[in-house]
Amino acid sequence: MILGSIIGLVLGDDAAVIKPLGDIFINLLFMIVVPLVFFTISSAIASMDSMKRLGKIMGSMITIFIVTGIIASVFMLFAAIIFQPGSGVDIPLTAPETVEDVSLGDQLVSTFTVPDFADLFSRSNMLALIIFSVLVGVATGLTGEQGRPFTKFLTSGSEVFMKIIQLVMYYAPIGLAAYFASLIGEFGTALIGDYAKAVIVYYPVAVLYFAIGFTIYAFIAGGRKGIARFWKNILSPAATALGTGSSVASLPVNLQAAKKIGVPKDIRETVLPLGATIHMDGSCLSAMLKIAFVFGVFNMDFSGIDTFLTAIGVCLLSGIVMSGIPGGGFIGELMIVTLYGLPIEALPIISAIGVVVDPPATMVNATGDTVSSMLITRQMEGKNWMEKAEIQ
């Protein structure tokens with residue numbers, strides 16, 4: 001980012017000559033996102049060991065994931081309203097020549113479903129793909145022994161595409177440098193100041209949410225003892241997530257922490273692996289920041305209840321499709337660009353924010369899974385679950 005900005009400042013408009021290097025990086029991400037989302041979500045569900053309480057655990061888990069994601073999104077929304085990241089840069093957003101009127105019913109149908117299986121292979125139908133992936137995972141798990149080979153296939157596919165993303169991310173410095181050179185060369189230094197403003201907003205908000213929000217969650221889950229056990233065991237997963245930038249890399253340490261806290265085996269081994277893929281409080285925080293930032297950059301109106309509710313919904317969706325790997329936030333950024341119909345130029349603009357805020361975002365993502373498992377245990381086992389764990 002810094003190198004690209006310097007090149008853009010030096011070369012000016014001539015920096016556009018290296019923009020194709022950035023286009024290659026963006027196209028690689030678009031190419032991979034559909035199979036990656038399918039394999040990570042379906043394999044996580046299909047690999048669940050405990051099927052006896054699966055329905056109840058899943059219901060509690062989804063509820064808590066959504067509630068905490070909404071809280072995180074609203075938390076950042078207030079900060080975005082106050083500090084207005086992205087304001088001051090005016091990049092006109094070109095409106096399409098024709099706009100088709102679509103009823104609410106038709107919009108819901110097209111959002112959640114597709115008329116043909118082949119249509120699932122488009123990033124334009126991401127939510128339908130998520131639903132399909134969940135159905136495949138559940139069906140595979142319910143099939144039992146006969147479904148084991150397919151579970152191995154899904155798990156293998158997930159590992160392969162995660163490795164592909166890791167390989168693509170080796171090219172990320174070149175791609176982002178090229179894109180930044182082009183952007184700065186075209187739009188000038190105004191973008192740099194606003195990125196600094198966005199980062200200055202995110203870090204304190206993420207730390208406050210981690211310290212205050214998770215303490216409140218731990219108290220709800222287990223009272224003062226819950227707070228004590230959470231903070232006694234969470235620092236190691238937090239440090240691992242901060243250093244690796246990966247929720248998956250933090251999973252083994254997270255499982256150990258949840259075990260020491262007293263979360264039952266079937267709950268922690270269901271919630272934490274799935275949470276590493278679909279529960280991203282830190283990503284909800286960053287998604288709201290990215291939305292507010294890109295609205296400001298493209299001179300779009302970021303106000304009104306409808307706009308805020310839509311933004312919260314987009315934050316939840318972008319958090320759901322995040323995969324627990326370094327740089328996985330790009331997938332959520334693809335979601336933001338796709339759902340808002342933003343120009344392709346918006347992706348590198350918000351991706352730059354994702355790169356800078358990734359360490360604290362991943363820390364909040366990973367540790368949020370642990371405290372969520374405590375909340376789920378509280379709901380499943382009652383208020384004395386910690387005492388039961390001590391007896392066992």
Side-chain angles (χ1 to χ4, degrees), residues 1 64-91 190-218 238 241-242 245 279-320 322 328-330 332-333 335-337 339-340 342 346-347 349-368 371-372:
M1 289 167 54
I64 289 172
F65 282 4
I66 291 174
V67 170
T68 56
I70 291 174
I71 292 172
S73 302
V74 172
F75 198 72
M76 179 58 76
L77 176 61
F78 281 113
I81 292 172
I82 294 171
F83 296 102
Q84 299 182 356
S87 61
V89 179
D90 185 9
I91 302 176
L191 283 173
I192 299 177
D194 279 280
Y195 276 126
K197 186 177 179 182
V199 171
I200 290 170
V201 170
Y202 186 85
Y203 273 72
V205 171
V207 171
L208 284 174
Y209 182 77
F210 174 69
I212 299 174
F214 287 176
T215 297
I216 294 173
Y217 296 159
L242 195 63
H279 180 230
M280 306 285 175
D281 284 356
S283 298
C284 287
L285 290 170
S286 63
M288 182 61 73
L289 179 69
K290 293 168 187 175
I291 292 170
F293 183 83
V294 82
F295 264 65
V297 167
F298 286 101
N299 200 27
M300 299 164 64
D301 182 27
F302 189 64
S303 63
I305 298 299
D306 291 345
T307 301
F308 294 155
L309 290 177
T310 302
I312 292 171
V314 172
C315 289
L316 291 176
L317 290 177
S318 65
I320 287 172
M322 300 282 185
F330 280 107
E333 289 149 11
M335 172 74 76
I336 293 172
V337 172
L339 292 182
Y340 275 110
L342 295 167
L347 185 56
I349 289 174
I350 60 177
S351 293
I353 298 177
V355 171
V356 177
V357 305
D358 185 62
T362 305
M363 180 187 71
V364 174
N365 288 339
T367 53
V371 76
S372 292

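Counting from 1, the numbers follow the sequence of the chain as shown.
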Phe302: ring-ring contact (aromatic ring centres under 6.0 Å, His included) partners, not counting sequence neighbours:
Phe295, Phe308
Value rounded to 0.5 Å, distance of [atom1] in [X] from [atom2] in [Y]:
{"X": "Ile312", "Y": "Ile291", "atom1": "CD1", "atom2": "CD1", "answer": "9.5 Å"}
{"X": "Asp281", "Y": "Cys315", "atom1": "CG", "atom2": "SG", "answer": "11.0 Å"}
{"X": "Ile71", "Y": "Ile66", "atom1": "CD1", "atom2": "CD1", "answer": "12.0 Å"}
{"X": "Ile82", "Y": "Leu77", "atom1": "CD1", "atom2": "CG", "answer": "9.5 Å"}
{"X": "His279", "Y": "Ile64", "atom1": "NE2", "atom2": "CD1", "answer": "9.0 Å"}

Backbone N or O of Ser283 within a donor-acceptor pair of the Asn365 side chain at under 3.5 Å?
yes
Under a 4.5 Å cut-off applied to non-hydrogen side-chain atoms, are [X] and [Y] in contact?
{"X": "Met280", "Y": "Val364", "answer": "no"}
{"X": "Met76", "Y": "Cys284", "answer": "no"}
{"X": "Ser286", "Y": "Ile353", "answer": "no"}

Only counting residues at least two apart or in another chain, list the ones meeting side chain to side chain contact (heavy atoms under 4.5 Å, CB included) with Val207.
none
Mind listing the side-chain donor-acceptor pairs of residues 198-205 below 3.5 Å, one per line with the distance, residues two or more places apart or on another chain?
| unit_1 | atom_1 | unit_2 | atom_2 | d |
| --- | --- | --- | --- | --- |
| Tyr202 | OH | Gly282 | O | 2.9 |
| Tyr203 | OH | Val356 | O | 2.7 |

Which residues share a side chain to side chain donor-acceptor pair (under 3.5 Å) with Asp301, sequence neighbours left out:
Ser303
The test is side chain to side chain contact (heavy atoms under 4.5 Å, CB included); show your working for Ser73 and Leu285 and say whether it passes.
CA-CA 5 Å; Ser73 302; Leu285 290 170; over 6 Å; no
Only pairs under 3.5 Å count here: list side-chain donor-acceptor contacts from residues 210-217, not counting sequence neighbours, and write none if there are none.
| unit_1 | atom_1 | unit_2 | atom_2 | d |
| --- | --- | --- | --- | --- |
| Thr215 | OG1 | Ala211 | O | 2.4 |
| Thr215 | OG1 | Trp231 | NE1 | 3.0 |
| Tyr217 | OH | Tyr209 | OH | 3.0 |

Leu309 atom CG, over 12 foreign heavy atoms within 6.0 Å
yes
At their closest point, which heavy atom of Ala218 faces which heavy atom of Val371, and how far apart are they?
N-CG2, 3.7 Å
